[in-house]
Amino acid sequence: MSTTLAEPGLADTAFARLESEGRLLNPVLKAPTKKPGRFGFRGELALRFAAKLADEARPPELTCDQVIAVAQVGDPKLAFFAGYLLSFEHLKDVAETLGDTLSAGGKYFLFCNNIDLSKKYQVPLRGAMFYVLPIDEATVYNELLELLYLEKTELKKLDTAGKTDRVADAALKFDITFDTITYDEGLKLMGPVRNPNENRPV
């Protein structure tokens, strides 16, 4: 069920198709930000849906979590997207899901659970370049602040939309380059998933 009427501006952004497909889940933010013409989303992106049984709504089989993204009204491409993946292999699912919203000039960051903590890569997919980075027991938001040299204390007084603007503005200027590898090379380099929930006693 589409909720675009509840979020003025969303229908004219790169989020429109993702919203109509029911992919923008558990939003902390899904609204215009402080910047004129900018729409922000923070939540989860559904990558793969489970088969429906009758009319039963089932949770997605695969998601990209801790998503922070912005899009401009009137622009069919996402300017900035960041999120967390349990495994590098799901990068392909993100690229395919975002599909026509990706652009060569966009800034796309994915923090992966099973990437060597000392490595950072750039991976071209679907005409876009993804920054693929390790995550060190932290959140995507905190990792981005560190990567983009943003002071957490300075952002504390801002609301969610304001924080999203500051992160997006810094991300759009990010121009550091890392080793470029192909998706297939990344599959060979990735390690086992360090899932903190896997070995917990039931």
Side-chain angles (χ1 to χ4, degrees), residues 6-10 12-15 18-19 23-45 63-75 77-86 88 90-91 94 98 101-123 128-180 194 196:
E7 293 90 27
L10 183 148
D12 297 320
T13 70
F15 291 119
L18 301 173
E19 172 72 355
R23 295 186 184 275
L24 304 180
L25 306 177
N26 302 320
V28 177
L29 174 74
K30 187 165 67 168
T33 68
K34 309 297 185 186
K35 293 267 178 149
R38 178 185 279 175
F39 200 94
F41 173 74
R42 291 183 66 170
E44 297 172 14
L45 177 71
T63 58
C64 180
D65 299 332
Q66 301 182 43
V67 168
I68 306 173
V70 301
Q72 285 294 127
V73 171
D75 187 344
K77 306 295 184 184
L78 280 173
F80 160 68
F81 179 95
Y84 167 78
L85 291 174
L86 202 57
F88 171 86
H90 303 319
L91 171 62
V94 172
L98 295 180
T101 69
L102 296 171
S103 77
K107 300 290 183 177
Y108 310 118
F109 303 81
L110 284 166
F111 294 86
C112 297
N113 173 292
N114 61 343
I115 291 292
D116 187 315
L117 290 173
S118 66
K119 304 289 186 184
K120 295 180 176 73
Y121 301 110
Q122 286 177 261
V123 183
M129 186 67 80
F130 289 87
Y131 293 100
V132 177
L133 310 134
I135 191 159
D136 187 15
E137 309 299 333
T139 63
V140 166
Y141 178 74
N142 287 339
E143 293 280 6
L144 283 170
L145 296 190
E146 189 174 326
L147 180 72
L148 303 171
Y149 299 103
L150 291 170
E151 287 295 330
K152 196 172 188 177
T153 50
E154 288 179 21
L155 274 66
K156 265 187 178 175
K157 61 184 181 292
L158 302 174
D159 62 10
T160 303
K163 288 173 182 170
T164 301
D165 276 330
R166 288 289 291 275
V167 169
D169 288 343
L172 292 171
K173 294 174 189 165
F174 189 77
D175 61 358
I176 296 172
T177 56
F178 305 122
D179 290 340
T180 299
R194 297 172 290 123

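The structure displayed is predicted, hence computed values, not measured ones.
At least one side-chain heavy atom of V94 sits less than 4.5 Å from a side-chain heavy atom of F81. Considering only heavy atoms from C-beta on, V132 stays 4.5 Å or farther from F178 through its side chain. Counting heavy atoms from C-beta outward, V70 and V167 have side chains that stay 4.5 Å or more apart. The shortest distance between side-chain heavy atoms of L110 and C64 falls below 4.5 Å. For the pair Y84/T139, no side-chain contact is recorded, criterion being any heavy-atom separation below 4.5 Å from C-beta on. L78 has its side chain out of reach of F41: every pair of non-hydrogen atoms, C-beta onward, lies at least 4.5 Å apart.
In this structure, CD in Q122 is found 9.0 Å from CG in D179, a value given to the nearest 0.5 Å. Here L18 contributes atom CG and L24 contributes atom CG; the two are 5.5 Å apart, rounded to the nearest 0.5 Å. The line from CG of L85 to CG of N113 is 9.5 Å long, rounded to the nearest 0.5 Å. L86 contributes atom CG, which lies 7.5 Å from atom CG of N114 (distance to the nearest 0.5 angstrom). Atom CD1 of I68 is separated from atom CZ of R42 by 4.0 Å, given to the nearest 0.5 angstrom.
Nearest heavy-atom pair across A161 and P32 is CB-O, 4.4 Å. The shortest heavy-atom contact between S103 and G106 is OG-N, 3.1 Å. Here the shortest heavy-atom pairing between K77 and A71 reads O-CB, 4.5 Å. Across all non-hydrogen atoms, the minimal contact from K120 to P134 is CG-CD, 4.2 Å.
For residues 157-177, the set of pairs meeting the ring-ring contact (aromatic ring centres under 6.0 Å, His included) definition, not counting sequence neighbours, comprises F109-F174, Y131-F174. The side-chain hydrogen bond (donor to acceptor under 3.5 Å, both in side chains) contacts involving residues 154-173 comprise T33-D165, K34-D159, K35-D169, R38-D165, R38-D169, where partners must be two or more places apart or lie in separate chains.
For T177, the side-chain hydrogen bond (donor to acceptor under 3.5 Å, both in side chains) test picks out no residue, with sequence neighbours left out. Every ring-ring contact (aromatic ring centres under 6.0 Å, His included) that F88 has, sequence neighbours left out, goes to Y183. With sequence neighbours left out, the ring-ring contact (aromatic ring centres under 6.0 Å, His included) criterion links F130 to Y108. Partners of D136 according to the side-chain contact (heavy atoms from CB on, under 4.5 Å) rule, which considers only residues two or more places apart in sequence or in another chain, are L117, E143.
The backbone N or O of V140 lies less than 3.5 Å from a partner atom in the side chain of Q66, making a donor-acceptor pair. Between the side chain of T63 and the main chain of D65, no donor-acceptor pair closer than 3.5 Å is present.
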**OP:** Apply side chain to side chain contact (heavy atoms under 4.5 Å, CB included) to L144 and F111, showing your working.
**Re:** CA-CA 9 Å; L144 283 170; F111 294 86; 3.9 Å; yes
